[in-house]
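First up is the structure itself, then whatever we jot down about it.
All residue numbers in this chain count up from 1 along the given sequence. Atom set for the values below is all heavy atoms of this structure, side chains included, hydrogens, waters and symmetry mates excluded.
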Amino acid sequence: MKLHKDYYGYCYPNQSQKAALAGLLVVLFPAFLPNLFGPLSHAAPSIFSEWNAPKPRHLHLLNSALLLQSYVDQQSKLWAPLPNQGWKHCPEEPNSLSSSPKESTWYIQVFLDGGLNQQKMGVIAVAKILNATLVIPHLEVNPVWQDSSSFEDIFDVDHFIEALQGEVSIVKALPSEFSWSTREYYATGIRITRIKTAPVHASSDWYLENVLPILQRYGVAAISPFSHRLAFDNLPQNIQHLRCKVNFQALAFVPHIRELGETLVNRLRYPPNRNPKAGSDSQDKANEIEKQGAGKYVVLHLRFDKDMAAHSACDFGGGKAEKLALAKYRQVIWQGRVLKSQFTDEDLRNQGRCPLTPEEIGLLLAALGFNNTTRLYLASYKVYGGEARISTLRRLLPDMEDKKSLASAEERAKVEGKASLLAAVDYYVSMQSDIFISASPGNMHNALVGHRAYMNLKTIRPNMALLGKLFVNKSMEWSDFQRAVSDGHKTRQGQMRLRKEKQSIYTYPAPDCMCRA
């Protein structure tokens, strides 16, 4: 680059050279300082982020919630366990010679994809229908999380086999004569022993007509994909009971996941330095309120990631930059197939189709009676906007914990960076909690709602349609909001709901998995 000299002999570039230098800086600057331009981390937004931290969208409600006083009787009702609802676990039927699995030389392989809760679906029932031996499932590498954890890394295989002994024959690996039947074998071409056409919610007859002939001819059949490939209706009662037994009893996590989960539970229930303060009448009242929740905790499954925010087509208060970023992301990922983007934000909220933000779930919890003494555990949370977006929730419920705050890096070493194992720890902690609530419907929500219903544990299901309408109303006073939330959730706190046609037995365990008390 040729530089020009001024009157005093100093060198300087001309205008075209200035433009070239500026362009070079634009290209090189992110390379040298990537954090300035990167997407949001768990902490704060970057300087040149696509997202600007929004102010609270419901400031009037928030200010009132921060000043609210909980009442002792409200806390007592909130933490009270569910009463007996007239359903119990069915008694174990003794295995007879006729019902025990016959020695089978046919083998079923399955390749499961998706997250932890898709991996729990009922392949055992298919093996039972076909009188085949099940090979311990192979878990595909999750394309989103890049998690290569195996079935054996997550679930206690010995317990799995022992719990189902007498029901289905299970082996850890194929016999040597079938050693050719591997995931790599099926990935390199069209194979006649691979079943990839199983329809969603297929009947047992479909498997007898399409899979049994392959087993009879080749001795092995590999089913992939498998999630939701067996119907929930018109199946024999013993098959339904088997699916329930697998999901609610046989699938136990490996010992180190249970041990870490139990460590987190103990630290949530018995935190250090929680002695009540002595003082005035108001302090005594606060101590009494805190006493109602002593030794108890609530789990919040908070999912508000970029995928969910973009797909919802809702406005979350991040300004024009956020709207443009989400619209662009939506176009790249779904290429115009998100029909909800045709509606206005108000329409979507009135229909209950917008996921709750951390601020909104915090206001819901406050209206239900949770307060600044509540022990709250955040499960499986990944928040678009990071800590800045969680800050309002933290103001409302400051006694908030997660895996990182409760356990050391050394204690988390076996699960760190492995999405399925981290989800398993959260699942364990959620099952031990006094109350569970999920900010948005999804696989984790459905699995825990069903499992906790099976155990008769309190689970709050947000009334999305009601909350959408309440949050649209910007003039509503806190007392009216609190009353509407309370009335709208009286029957959404773990009351048993019977399964309807086509619904999943894993979300609605009664009546298929349970018996009348």
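- Enclosure of atom CZ in Arg395 is not indicated, since only 12 or fewer non-hydrogen atoms of other residues, nucleotides or ligands lie within 6.0 angstrom.
- Ion pairing between Lys502 and Asp233 fails under the 4.0 Å rule for side-chain N and carboxylate O.
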**OP:** Go through Gln495 and Gln85 one step at a time and tell me if the side-chain contact (heavy atoms from CB on, under 4.5 Å) criterion holds.
**Re:** CA-CA 8 Å; Gln495 291 84 350; Gln85 299 189 66; 4.0 Å; yes

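- Closest heavy-atom contact between Leu368 and Leu78: O-CD1, 3.6 Å.
- Across Phe151, Phe160, Phe155, Tyr428, a single residue satisfies ring-ring contact (aromatic ring centres under 6.0 Å, His included) together with Phe253, and that is Phe155.
- Proximity of Phe343 to Asn350: side-chain heavy atoms (C-beta onward) are nowhere separated by under 4.5 Å.
- Across Leu61 and Met476, no two heavy atoms sit closer than the pair CD2-O, 3.7 Å.
- Between Arg499 and Asp512, some side-chain heavy-atom pair lies under the 4.5 Å cut-off.
- Side-chain contact between Ser224 and Tyr186 is absent, with no heavy-atom pair separated by less than 4.5 Å.
- Residue Lys404 holds its NZ atom at 13.0 Å from CG of Leu378, rounded to the nearest 0.5 Å.
- Residue pairs that meet the disulfide bond (SG atoms under 2.5 Å apart) test with at least one member in residues 365-455, sequence neighbours left out, do not exist here.
- Separation of atoms CG (Asn473) and CD (Glu477) is listed at 10.0 Å; rounding is to 0.5 Å.
- Using a 4.0 Å cut-off between charged nitrogen and carboxylate oxygen, Asp347 and Arg353 do not count as a salt-bridge pair.
- Considering only heavy atoms from C-beta on, Phe111 stays 4.5 Å or farther from Lys196 through its side chain.
- Within the structure, the side-chain hydrogen bond (donor to acceptor under 3.5 Å, both in side chains) test picks out the following pairs touching residues 431-440 (sequence neighbours left out): Arg269-Asp434, His301-Ser438, Ser433-Arg452.
- In this structure, Trp79 and Thr374 approach most closely via the heavy-atom pair CZ2-CG2, 4.0 Å.
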Subject >> Test side-chain contact (heavy atoms from CB on, under 4.5 Å) applied to Leu470 and Val485, step by step >> reply: CA-CA 9 Å; Leu470 294 180; Val485 167; 3.9 Å; yes

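- Shortest non-hydrogen contact noted between Pro358 and Leu393 is O-CB, 3.6 Å.
- Side-chain atoms of His58 and Glu360 include a donor-acceptor pair closer than 3.5 Å.
- Taking the side chain as every heavy atom from C-beta outward, Ile361 and Ile437 approach each other to under 4.5 Å.
- Side-chain rings of Phe481 and Phe471 approach one another, their centers coming within less than 6.0 Å.
- With hydrogens and angles disregarded, a donor-acceptor distance shorter than 3.5 Å links the side chain of His489 to the backbone of Asn463.
- The side chain to side chain donor-acceptor pair (under 3.5 Å) search around Glu416 returns Arg412, not counting sequence neighbours.
- The ring-ring contact (aromatic ring centres under 6.0 Å, His included) test applied to His201 returns Phe232, not counting sequence neighbours.
- Salt-bridge formation is not detected for the pair Arg483/Asp487: no Lys NZ or Arg NE/NH1/NH2 atom is positioned less than 4.0 Å from an Asp or Glu carboxylate oxygen.
- To the nearest 0.5 Å, atom OH of residue Tyr377 and atom CD of residue Glu401 are 10.0 Å apart.
- Considering only heavy atoms from C-beta on, Leu448 comes within 4.5 Å of Met431 through its side chain.
- No more than 12 heavy-atom neighbours from other residues, nucleotides or ligands sit within 6.0 angstrom of NZ on Lys500.
- Sorted by first and then second residue, the ring-ring contact (aromatic ring centres under 6.0 Å, His included) pairs with a member in residues 317-338 read His311-Trp334; sequence neighbours excluded.
- Shown here for Phe248 and Ile505, the closest heavy-atom pair between the two residues is CZ-O, 4.3 Å.
- Distance alone, capped at 3.5 Å, places no donor-acceptor pair between the Glu322 side chain and the Asp315 backbone.
- Distance NZ/Lys414 to CD1/Ile257: 10.0 Å, rounded to 0.5 Å.
- In this structure, Ser504 and Asn446 have side chains that are not in contact, with every pair of non-hydrogen atoms separated by 4.5 Å or more.
- Gly261 and Val429 make their closest contact through O-CG2, 3.9 Å (heavy atoms, listed as atom of the first residue, atom of the second, distance).
- Residue pairs meeting the disulfide bond (SG atoms under 2.5 Å apart) criterion with at least one member in residues 297-367, sequence neighbours excluded: Cys314-Cys354.
- At distances below 3.5 Å, at least one donor-acceptor pair connects side-chain atoms of Asp153 with backbone N or O atoms of Ser150.
- By the 4.0 Å N-to-carboxylate-O rule, Arg375 lies close enough to Asp399 to be salt-bridged with it.
- How far CG of Leu356 is from CE of Met308: 9.5 Å, rounded to the nearest 0.5 Å.
- For the 3.5 Å distance criterion, the side chains of Tyr384 and Asp307 fail to qualify, holding no donor opposite an acceptor.
- With hydrogens and angles ignored, the 3.5 Å screen pairs no side-chain donor or acceptor of Arg349 with any backbone N or O of Val472.
- Judged purely by atom type and a 3.5 angstrom limit, Glu411 has no side-chain atom pairing as donor or acceptor with the backbone of Leu260.
- Here the side chains of Gln351 and Met464 are not in contact, with every heavy-atom distance at 4.5 Å or above.
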**OP:** Let me see the working for Leu421 and Ile154 under side-chain contact (heavy atoms from CB on, under 4.5 Å), right down to the final yes or no.
**Re:** CA-CA 6 Å; Leu421 302 190; Ile154 304 169; 3.6 Å; yes

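- How far CG of Leu302 is from CZ of Arg389: 11.0 Å, rounded to the nearest 0.5 Å.
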**OP:** Dump the intermediate steps for side-chain contact (heavy atoms from CB on, under 4.5 Å) on Lys418 and Leu422, then the final yes or no.
**Re:** CA-CA 6 Å; Lys418 300 172 183 176; Leu422 292 167; 5.6 Å; no

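- Listed for the Thr263 side chain is a donor-acceptor partner under 3.5 Å among the backbone atoms of Glu259.
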